[in-house]
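Worksheet: the structure to be examined is printed underneath.
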2 protein chains.
Amino acid sequence: MPDIGDLRTRCVLPIGTVIQLTDLTARQIRYYEAQDLVHPERTAGNHRMYSLNHIDTLLEIKSQLADGFTLADIKQLMHPRHREPNSDEEVRQMLRDEMMNQSRLNQANNVRQGFGFRP
Amino acid sequence: MPDIGDLRTRCVLPIGTVIQLTDLTARQIRYYEAQDLVHPERTAGNHRMYSLNHIDTLLEIKSQLADGFTLADIKQLMHPRHREPNSDEEVRQMLRDEMMNQSRLNQANNVRQGFGFRP
DNA sequence: CGGTCAATGTCACCTATTCTAACATCTATC
DNA sequence: GATAGATGTTAGAATAGGTGACATTGACCG
């Protein structure tokens, strides 16, 4: 009898389902993994399997990308490197740069004024 | 943006996942469907897809089978045919029969005293 | 005991889904 | 225009899943 309680963290969803739930393409999902942003499990046959938390992460990535962030930025935001020299300040600088650098967003459809959090 | 809220009813799990979560075999899962006890959706490519509610149903079936019920019994229990002549009484009689008929359970491992509900 | 039925196992054959790797495209930036 | 980041596309191979048929097991019953 398996433990059904931890469904948020259990990897039960194949990539086809993830495509449906996130509206991302397989290419995108695999690329974000290659960039070290999601880490699905693998079946014995090497097929990726995702959890609901992975879905949330992917939707978050999608949202950040739409806001003009880079995958490298998002990676930093998700895994802040405390204790490493200059890293905190570097991240803050990147965020400041992003907020100043509205060029990407100006061309985009929705011109928003903030990111919901301030460095 | 898909609606992620109704995950209990959304069919997102392939049969391989269902096998893991229920500890049933593919043969059993498909047979219960053939007996009209579960009704998964199908992908465009004809692959079965299950929801969390389907998982619950399958675990319930498994439990009832372990208690000595027949798939036909379980179907009646799940879809009681009200309004049909004698059907209610028939089901009650079946339940009484099951409770009296301990032969199957005696051979089984766990000799239980009740079913949690009484007709 | 031999037959029957419900439930499950197993196998063969076919289709769908996913995998990796490589190359192409598009866009913003320098 | 060259570059880099993000994504599209395609080919070829492997895994996962589908159906259908036949075999097996264990109760039950005359």
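The figures that follow rest on heavy atoms only: side chains count, while hydrogens, waters and symmetry mates do not. Computed from a predicted model, the values in this text were never measured in an experiment. So you know, we letter chains A, B, ... as the sequences are listed, proteins then strands, and number each from 1.
- The distance from atom NZ of B:Lys62 to atom P of C:dT8 is 11 Å, rounded to the nearest whole Å.
- Spacing between atom CG of A:Leu13 and atom P of C:dT18 amounts to 11 Å, rounded to whole angstrom units.
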Q.
Each nucleotide in nucleotides 2-9 of chain D should get exactly one letter: B, S or -. Can you fill that in based on protein heavy atoms under 4.0 Å?
A. ---SBBBB

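- Nearest approach of B:Met78 to B:Thr57, heavy atoms of both residues: CE-CG2, 3.5 Å.
- Against DNA chain C, the stretch residues 38-50 of chain B makes heavy-atom approaches under 4.0 Å through B:Thr43, B:Gly45, B:His47.
- The side-chain heavy atoms of B:Gln64 and B:Asp73, taken from C-beta on, include no pair separated by under 4.5 Å.
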Q) side-chain contact (heavy atoms from CB on, under 4.5 Å) between B:Ile61 and B:Leu71: does it pass, once the steps are laid out? A) CA-CA 8 Å; B:Ile61 293 170; B:Leu71 287 181; 3.9 Å; yes

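- For the pair B:Ile29 CD1 and C:dT8 C1', the interatomic distance rounds to 13 Å; values are reported in whole Å.
- Taken from CD1 in A:Ile15 to CG in A:Leu13, the straight-line distance is 11.5 Å, to the nearest 0.5 Å.
- Nearest heavy atoms, B:Lys62 versus B:Thr22: NZ-O, 3.0 Å.
- Rounding to whole angstrom units, CZ of residue B:Arg30 and P of D:dA16 are separated by 13 Å.
- Of the inter-residue distances, the one linking B:Leu65 atom CG with B:Ile74 atom CD1 reads 4.0 Å to the nearest 0.5 angstrom.
- One can place CD1 of B:Ile19 at 10 Å from C1' of D:dA16, the figure rounded to the nearest angstrom.
- Distance SG/B:Cys11 to CE/B:Met49: 8.0 Å, rounded to 0.5 Å.
- D:dG17 atom C1' lies 14 Å from atom CD of B:Gln20, rounded to whole Å.
- Every residue meeting the side-chain contact (heavy atoms from CB on, under 4.5 Å) condition with A:Glu33, not counting sequence neighbours, appears here in chain and number order: A:Val38, A:Pro40, A:Arg42, A:Arg48, A:Tyr50.
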